[in-house]
A.B. asks: 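Sharing a structure below in C-alpha cells format, with a few things to ask.
We're numbering straight along the sequence, starting at 1. Please read all numbers here as calculations on a predicted model, not as lab measurements. Values reported hereafter were calculated over all heavy atoms of this structure, with side chains retained and with hydrogens, waters and symmetry mates removed.
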Amino acid sequence: MKLVVFSDSHHANITDMLAVIDEEKPDAVLHLGDLVADVDDVRNVYPDLQVYNVRGNNDWNVDAPDKMVVCAEQVRIFITHGHLHGVRRNTHALEEAARKNHCTVALYGHTHAAEIRQRGDMLVANPGSISMPYTMEPPSYLRLIIHGETVEPELVYLQQSKKKRWF
C-alpha cells in the first residue's frame, strides 16, 4: 500500500500536489492541515481516491478533526497538524497521543520542516511543506510504503534529484 502525505500547502501549490498524485498513484492521500481547502480540490479532481485530513492552526471555521487514526494494512497511523501538541518544542506529547491511540506511526506538520525519526517503537515523521518550507530544503512530501506491519518512509523533494531515504 502506498500513501502520500502532504502538509502546509497553504493554498499555494495545488498544481504540484495534483502532479505528485498523478505520478505516485497512491492508494490514499493524507493531508496534515493548513489548508483544508486544498483537500477539497484534491477530492474534486480525484473523487475515487481515499483522502484523509485534519485541520491545522490556519484552518478556521472548518469542519475537520484535529486528529485522526488511519489504518493501513496492519499499521495504525496517528495524524495531526501538531500545533496542539507543541511540536515546535519537541514531539513528546505527539508521541504520547499516538501511543494512547495504539499507533506506531505519528505524522505531523506545522513546523514546515521535513523529518523522519525512529523513537523507540514509534516512527515520527513530518512531510515538511509542499509549498512553503521554512528551511533551505525545497518543498517536500512524505511517501509511505506499507507491507503488513512494515512501514518504509521516504521524504521526497520537488527537485527530484534530492531524495532522503530512511533505510
Side-chain angles (χ1 to χ4, degrees), residues 1-10 17 20-21 24 26-36 38-39 42-43 49-60 62-135 137 139-157 163-167:
M1 172 175 262
K2 182 193 292 187
L3 305 179
V4 168
V5 185
F6 298 113
S7 189
D8 297 285
S9 50
H10 290 277
M17 287 174 58
V20 165
I21 293 168
E24 293 278 359
D27 296 298
V29 169
L30 284 62
H31 192 286
L32 307 179
D34 285 354
L35 292 168
V36 171
D38 296 335
V39 176
V42 170
R43 285 187 175 115
L49 181 63
Q50 189 69 266
V51 180
Y52 301 93
N53 68 282
V54 292
R55 107 179 112 178
N57 60 299
N58 289 303
D59 289 315
W60 305 293
V62 172
D63 185 25
D66 293 319
K67 61 187 179 219
M68 178 184 294
V69 174
V70 175
C71 297
E73 298 205 14
Q74 286 98 45
V75 178
R76 288 177 59 88
I77 304 167
F78 184 82
I79 67 171
T80 189
H81 187 62
H83 62 294
L84 299 175
H85 294 90
V87 296
R88 287 206 190 274
R89 288 184 308 280
N90 60 55
T91 59
H92 299 309
L94 169 72
E95 294 166 40
E96 182 60 27
R99 282 189 184 88
K100 283 183 180 175
N101 284 277
H102 310 288
C103 297
T104 56
V105 177
L107 303 180
Y108 71 100
H110 189 55
T111 66
H112 293 228
E115 75 161 341
I116 298 173
R117 283 184 292 124
Q118 187 72 40
R119 302 233 332 146
D121 61 345
M122 180 75 56
L123 173 67
V124 179
N126 183 328
S129 173
I130 192 66
S131 64
M132 308 162 133
Y134 289 169
T135 65
E137 303 285 359
S140 59
Y141 65 95
L142 179 67
R143 177 189 302 131
L144 297 176
I145 305 295
I146 300 173
H147 303 284
E149 296 178 357
T150 304
V151 181
E152 298 172 16
E154 181 179 3
L155 290 172
V156 182
Y157 294 87
K163 291 184 180 181
K164 289 186 179 176
R165 276 203 176 272
W166 173 247
F167 303 135

A.B. asks: Answer whether the closest heavy-atom distance between the side chains of L155 and Y157 falls below 4.5 Å.
C.D. replies: yes
A.B. asks: Compare every heavy atom of V54 with every heavy atom of D59, then report the nearest pair and how far apart it is.
C.D. replies: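 Minimum heavy-atom contact is OD2-O, 4.3 Å.
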A.B. asks: Under 3.5 Å, side chain of N126 to main-chain N/O of G109, donor-acceptor pair present?
C.D. replies: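 Judged by distance alone, yes, a pair lies under 3.5 Å.
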A.B. asks: Holding to side chain to side chain contact (heavy atoms under 4.5 Å, CB included), I want the full list of residues that pass it with L84, two or more places apart in sequence or in another chain.
C.D. replies: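 Counting only residues at least two positions away or on another chain, L84 forms a side chain to side chain contact (heavy atoms under 4.5 Å, CB included) with D66.
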A.B. asks: Are R55 and D34 ion-paired here, with the side-chain N under 4.0 Å from a carboxylate O?
C.D. replies: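 Looking at D34 together with R55, the answer is no, because their closest N to O distance does not fall below 4.0 Å.
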A.B. asks: Go through the side-chain N and O atoms of R99 and T104 and say whether any donor and acceptor fall under 3.5 Å apart.
C.D. replies: no
A.B. asks: Quick check: closest heavy atoms across M122 and C103, and the distance to 0.1 Å?
C.D. replies: CE-O, 3.3 Å
A.B. asks: Between OH of Y141 and CE of M17, what distance do you get to the nearest 0.5 Å?
C.D. replies: 12.0 Å
A.B. asks: Identify, with sequence neighbours excluded, every residue that meets salt bridge (charged side-chain N to carboxylate O under 4.0 Å, His left out) alongside R43.
C.D. replies: none
A.B. asks: Hey, mind stepping through E73 and E149 against side-chain contact (heavy atoms from CB on, under 4.5 Å) and telling me if it holds?
C.D. replies: CA-CA 7 Å; E73 298 205 14; E149 296 178 357; over 6 Å; no
A.B. asks: Walk me through whether H92 and L94 qualify under side-chain contact (heavy atoms from CB on, under 4.5 Å).
C.D. replies: CA-CA 5 Å; H92 299 309; L94 169 72; over 6 Å; no
A.B. asks: Provide the closest heavy-atom pair for A98 versus V105 in the form atom of the first, atom of the second, distance.
C.D. replies: CB-O, 4.5 Å
A.B. asks: With sequence neighbours left out, write down each residue that passes ring pair (Phe, Tyr, Trp, His ring centres under 6.0 Å) with Y108, or none if nothing qualifies.
C.D. replies: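 Result, ring pair (Phe, Tyr, Trp, His ring centres under 6.0 Å) vs Y108: none returned.
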A.B. asks: To the nearest 0.5 Å, what is the distance between CZ on F78 and NZ on K100?
C.D. replies: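 Between F78 CZ and K100 NZ, I get 10.0 Å after rounding to 0.5 Å.
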A.B. asks: Count the heavy atoms belonging to other residues, nucleotides or ligands that lie under 6.0 Å from CG of N90, then report whether that count exceeds 12.
C.D. replies: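 Yes.
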A.B. asks: Verify the ring-centre separation between H31 and H81: is it less than 6.0 angstrom?
C.D. replies: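 No.
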A.B. asks: Hey, what do you get for CD1 (I145) to CG (D27), rounding to the nearest 0.5 Å?
C.D. replies: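 Atom-to-atom, I145:CD1 and D27:CG are 8.5 Å apart.
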A.B. asks: Looking at CD1 of I130 and CG of D38, how far apart are the two atoms once the value is rounded to the nearest 0.5 Å?
C.D. replies: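 One finds 10.5 Å between CD1 of I130 and CG of D38.
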A.B. asks: Closest approach of T135 and A113, non-hydrogen atoms and distance?
C.D. replies: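 What the structure gives for the nearest pair is CG2-CB, 3.9 Å.
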A.B. asks: Roughly how far, to the nearest 0.5 Å, is CZ of R117 from CG of L123?
C.D. replies: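 If I round to the nearest 0.5 Å, the distance is 9.5 Å.
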A.B. asks: Going through the checks in order, is the side-chain contact (heavy atoms from CB on, under 4.5 Å) test met by V5 and L144?
C.D. replies: CA-CA 8 Å; V5 185; L144 297 176; 4.2 Å; yes
A.B. asks: Establish, from distance only, whether the side-chain atoms of D8 and S131 form a donor-acceptor pair under 3.5 Å.
C.D. replies: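 Checked: D8/S131 side chains show no N/O donor-acceptor pair below 3.5 Å.
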A.B. asks: How close do S7 and G33 get, heavy atom to heavy atom, and via which atoms?
C.D. replies: OG-O, 3.8 Å
A.B. asks: For the CG atom of L107 and the CD1 atom of I77, what is their distance to the nearest 0.5 Å?
C.D. replies: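 Rounded to the nearest 0.5 Å, the CG-CD1 separation comes out at 6.0 Å.
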A.B. asks: With heavy-atom distances below 4.5 Å as the criterion, would you say the side chains of H147 and E152 are in contact?
C.D. replies: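 Touching, per the 4.5 Å side-chain cut-off.
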A.B. asks: Which heavy atom of N101 sits nearest a heavy atom of R76, and at what distance?
C.D. replies: O-NH2, 2.8 Å
A.B. asks: Checking side-chain contact (heavy atoms from CB on, under 4.5 Å) for the pair T111/V87: CA distance, chi angles, key distance, verdict?
C.D. replies: CA-CA 7 Å; T111 66; V87 296; 4.0 Å; yes
